[in-house]
Amino acid sequence: MPSPRTILTLSLLACAAGTAFAGGPAGEGSDWPPLPQGGTPLSRAQVQADTQAARDHGTLTMQGDQMYIAPSAASHLDRATVRAEAAQALRAGLIPSGDVSTSVH
């Protein structure tokens, strides 16, 4: 037979566990996760125009059954310049290479 102290401890734990789920879901007084503060939603025609422009520029990507417009990463540097800057950063020790040790002192 459980002792009265064990029964009291289990009762208190059950009450504490119940209060953990007392908050309502988002949008009903809860502040987490924050609801998006958007402006005016896009019209159907605007969304279709953006999608067609992404198709035309090759920035429309698929993830599963979802389509996403990939952000453009336009660069004004040519390949040789980027490679030279990367080599210079590697020589200066700004790019880690090889095995990196995180020993604790």
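The structure displayed is predicted, hence computed values, not measured ones.
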Undergrad: Side chains of T6 and S3 only: does a donor on one sit below 3.5 Å from an acceptor on the other?
TA: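 Yes, side-chain donor-acceptor contact under 3.5 Å.
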
Undergrad: How many angstroms lie between OG1 in T51 and CD in Q46, if you round to the nearest 0.5 Å?
TA: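 Output value for this atom pair is 11.5 Å.
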
Undergrad: Tell me who clusters with L10, hydrophobic residues only, linked when side chains sit under 4.5 Å apart either directly or through other members.
TA: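 Other cluster members: none.
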
Undergrad: Is it true that a side-chain atom of S11 and a backbone atom of I7 form a donor plus acceptor pair closer than 3.5 Å?
TA: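 Confirmed, S11 side chain pairs with I7 backbone.
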
Undergrad: Within this structure, what is the CD-CD1 distance for the pair Q88 and I95, rounded to the nearest 0.5 Å?
TA: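 Atom-to-atom, Q88:CD and I95:CD1 are 10.0 Å apart.
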
Undergrad: Without hydrogens or angle criteria, can the side chains of Q52 and D56 be said to hold a donor-acceptor pair below 3.5 Å?
TA: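 Yes, D56 and Q52 have a side-chain donor paired with an acceptor closer than 3.5 Å.
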
